[in-house]
Amino acid sequence: MRVLKFGGTSVGQPGRMRQVAELITRNNEPKIVVLSALSGTTNTLESICGSLADNKKEEALQVITDLRSRYTSFIDELLSNEDSKNKAIEIIDEHFEFLNIILKISFNEALKKDILAQGELLSTKIFSIYLEQQGIEAKLLSALDFMCINESDEPDLGSISDKLKKVLESNQDNHLFITQGYICRNHRGEIDNLKRGGSDYSASLIGAAIEAEEVQIWTDIDGMHNNDPRIVDTTVPISELSFDEAAELAYFGAKILHPASIWPTQKHGIPVRLLNTMEPEAKGTLISKSTISNDIKAVAAKDGITAIKVKSSRMLLAYGFLTTIFEVFERFKTPIDMITTSEVAVSLTIDDKTHVLKIVEELESIGQVEVDGNQSIICIVGNFVAEKKGIVNNIFEVLKNIPIRMISYGGSRHNISLLVDSYYKEDALKALNKHLFKL
Ligand code: ASP
Ligand code: MG
């Protein structure tokens with residue numbers, strides 16, 4: 001069994017959706033196809049929730065009405081058969097009826113989850129009607145029957161696996177399954193989700209749950225690139241990556257894959273292929289257990305980073321100092337990304353600024369605090385075996401004209417991170433591209 005996930009842009013236009021149908025029927029291998037909502041839908045649903053939270057019902061109604069007309073024209077263009085059109089209209093009526101009803105009741109967080117789930121429910125139902133019209137036999141599975149998260153909002157892989165296997169067992173005659181990405185049930189049995197961009201995570205969890213042969217993530221670019229294509233002109237797709245390298249890149253800005261989606265497939269050693277709907281023959285990127293070379297594979301950057309330095313002579317020869325600092329971040333549920341220490345000071349970075357003022361206030365009782373906003377982490381990813389000489393030297397030679405605020409090397413074999421003022425990010429990425437990849 002293979003798991004194929006198609007993102008919002010791959011199903012966002014009728015023509016694209018037809019192409020997805022073609023791609024999944026190129027062979028008869030058994031498949032589970034995971035779909036996102038049509039592009040832009042989840043953002044629109046979020047904005048409806050925003051209006052409802054502010055009690056702006058008129059505004060919400062307007063957005064709901066506009067969204068509905070997008071879906072009506074979508075199915076009109078997608079479907080040719082009257083019968084299929086009527087079925088699709090019924091589906092649209094049902095889901096938009098729900099959205100109209102919520103205008104009349106008081107808004108809350110649980111309701112928000114229900115609203116956000118409408119996108120994937122609509123895309124998969126519409127796609128199934130299209131497949132049926134084309135005479136393609138497929139079974140629509142509700143992700144709400146097997147995808148679940150526990151009390152800590154973490155997916156419960158064991159339980160997902162048990163439930164999904166049962167569902168598949170009772171549908172043994174089928175070889176093509178369609179299901180929703182992103183949505184799930186929480187431990188109270190209510191509709192919930194795997195957070196924004198979570199359809200990749202769904203695909204990876206499904207792959208792990210059934211120990212699939214392969215998980216394919218289909219998007220609109222040809223794999224993970226060796227640098228940020230928005231900044232550097234001459235980037236190339238990376239043909240192979242290890243799970244660890246892919247995880248570093250996914251976290252550091254490569255928007256193509258949700259960072260959480262690495263662990264389930266990694267745990268079971270299931271290869272993940274990143275492929276391009278627009279160019280289905282392109283090789284894309286293969287993420288697997290094996291790494292082919294001990295070299296630098298890619299460079300990525302993450303903006304919006306804040307660096308915090310805590311200096312205290314009390315740190316000299318004392319133990320427990322780092323714990324005291326970390327506890328402050330833990331109290332505010334703020335993850336630390338990079339960290340470097342000297343004998344009397346610690347510098348660390350965060351990308352969630354929500355509680356920065358309160359964090360700084362508490363840190364000031366420990367030592368002198370300095371905060372630098374507007375920083376970028378430049379992350380160089382590859383397989384850096386300790387015996388290989390000259391890698392760091394090479395990188396610093398390339399960046400000799402760029403002021404570097406922090407350096408982190410040796411945390412893992414796969415990442416060298418540098419912190420620079422965001423002003424220098426472009427120059428740094430371009431210089432690294434030119435010298436490391438000769439592009
Ligand atoms: N539709 C959801 C979102 O836009 C999930 C996804 O597309 O991955 O975040
Ligand atoms: Mg995505």
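We count ligands from 1, going down the list as the structure has it; atoms in each ligand are counted the same way. What's counted below: heavy atoms across the whole structure, side chains too, no hydrogens, waters or symmetry copies.
Residue Glu120 approaches ligand 1 through these ligand atoms, each under 4.0 Å from one of its heavy atoms: 1 (N), 2 (C), 5 (C). Close approach of ligand 1 to Ser36 is summarised as follows: ligand atoms under 4.0 Å from at least one heavy atom of the residue are 6 (C), 7 (O), 8 (O). Listed by number with element, the atoms of ligand 1 under 4.0 angstrom from any heavy atom of Arg196 are 3 (C), 4 (O), 9 (O).
When non-hydrogen atoms are compared, ligand 1 lies under 4.0 Å from neither the backbone nor the side chain of His258.
Ligand 1 has no atom lying under 4.0 Å from any heavy atom of Gly119. Within the 4.0 Å heavy-atom shell around ligand 1 one does not find Gly8.
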* Yes or no on salt bridge (Lys or Arg N to Asp or Glu O under 4.0 Å) for Arg273 and Glu214, after CA distance, side-chain angles and deciding distance? -> CA-CA 7 Å; Arg273 243 177 240 285; Glu214 183 175 281; 3.1 Å; yes
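Between Lys333 and Glu327 no salt bridge is recorded (no basic side-chain N to carboxylate O distance below 4.0 Å).
Remark: ligand 1 and Thr42 share an N or O pair separated by less than 3.5 Å (distance only, no angle test).
Leu399 is not listed as a side-chain neighbour of Tyr424, based on a closest heavy-atom distance of 4.5 Å or more. Counting heavy atoms from C-beta outward, Ile92 and Arg68 have side chains that approach closer than 4.5 Å.
The side-chain contact (heavy atoms from CB on, under 4.5 Å) test with Asp244 singles out one residue from His414, Lys289, Arg413, and that residue is His414. The residue from Val299, Ile404, Leu432, Ile407 that alone fulfils the side-chain contact (heavy atoms from CB on, under 4.5 Å) condition with Ile395 is Leu432.
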